[in-house]
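Here's the structure we're looking at; comments come further down.
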Amino acid sequence: ATTWVNLARLYAASGAEERRVGEALDRARAVFDDPEIVWDGYYAHTAQKCAGAFAELGRPEDADELLERVELIHEGT
């Protein structure tokens, strides 16, 4: 997920088509949504780290969802 978010940031900074930025964010989100991924402390750390990029790049709803997941994980520990 982090790699896709970093690519999205790179695409945005280089003036790439908005479509490329969106596709990279979609792929990052797909990693976070993978049902095989364990929601643990590492997931929470990565989700929190990536949430800001989603917000910065015009996807505040995804950022909010990731931060809600972080909160759920922290409540469960």
Side-chain angles (χ1 to χ4, degrees):
T2 303
T3 299
W4 288 112
V5 165
N6 288 339
L7 281 171
R9 282 184 158 156
L10 176 67
Y11 294 152
S14 67
E17 295 176 18
E18 194 171 313
R19 175 188 58 81
R20 285 189 86 183
V21 174
E23 287 173 354
L25 291 176
D26 288 344
R27 292 188 131 190
R29 182 61 197 251
V31 173
F32 284 116
D33 293 344
D34 183 339
E36 298 294 318
I37 299 294
V38 176
W39 286 22
D40 58 7
Y42 183 74
Y43 180 102
H45 170 78
T46 304
Q48 187 164 19
K49 190 169 90 171
C50 291
F54 277 94
E56 292 165 18
L57 296 171
R59 304 265 293 260
E61 66 285 345
D62 288 327
D64 291 345
E65 174 66 26
L66 290 175
L67 293 174
E68 286 176 20
R69 292 177 185 188
V70 170
E71 192 172 313
L72 286 172
I73 292 166
H74 287 173
E75 286 174 359
T77 57

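With sequence neighbours excluded, no residue satisfies side chain to side chain donor-acceptor pair (under 3.5 Å) with Glu75.
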Exercise. How far apart are the C-alpha atoms of Arg27 and Glu23, what are their side-chain angles, what is the distance that settles it, and do they pass the side-chain contact (heavy atoms from CB on, under 4.5 Å) test?
Worked result: CA-CA 6 Å; Arg27 292 188 131 190; Glu23 287 173 354; 5.6 Å; no

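Of all heavy-atom pairs between Arg59 and Gly22, the closest is NH1-O, 3.5 Å. Closest heavy-atom contact between Ala63 and Ala51: CB-O, 3.2 Å.
Rounded to the nearest 0.5 angstrom, Glu18 CD and Leu25 CG are separated by 10.0 Å.
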Please output the side-chain donor-acceptor pairs of residues 2-12 that fall under 3.5 Å, not counting sequence neighbours, one pair per line with the distance.
from, atom 1, to, atom 2, distance (Å)
Asn6, ND2, Thr2, O, 3.4
Arg9, NH2, Glu56, OE1, 3.2
Arg9, NH2, Glu56, OE2, 3.4
Tyr11, OH, Arg20, NH2, 3.2

Pairs of donor and acceptor atoms involving the side chains of residues 64-71, under 3.5 Å and at least two apart or interchain, shall be tabulated with distances.
from, atom 1, to, atom 2, distance (Å)
Glu65, OE2, Arg69, NE, 3.0
Arg69, NH1, Phe32, O, 3.2
Arg69, NH1, Asp33, OD1, 3.0
Arg69, NH1, Tyr43, OH, 2.8
Arg69, NH2, Asp33, OD1, 2.8

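Within the structure, the salt bridge (Lys or Arg N to Asp or Glu O under 4.0 Å) test picks out no pair touching residues 34-49 (sequence neighbours left out). Annotation: ring pair (Phe, Tyr, Trp, His ring centres under 6.0 Å) contacts involving residues 49-71, sequence neighbours excluded, are absent.
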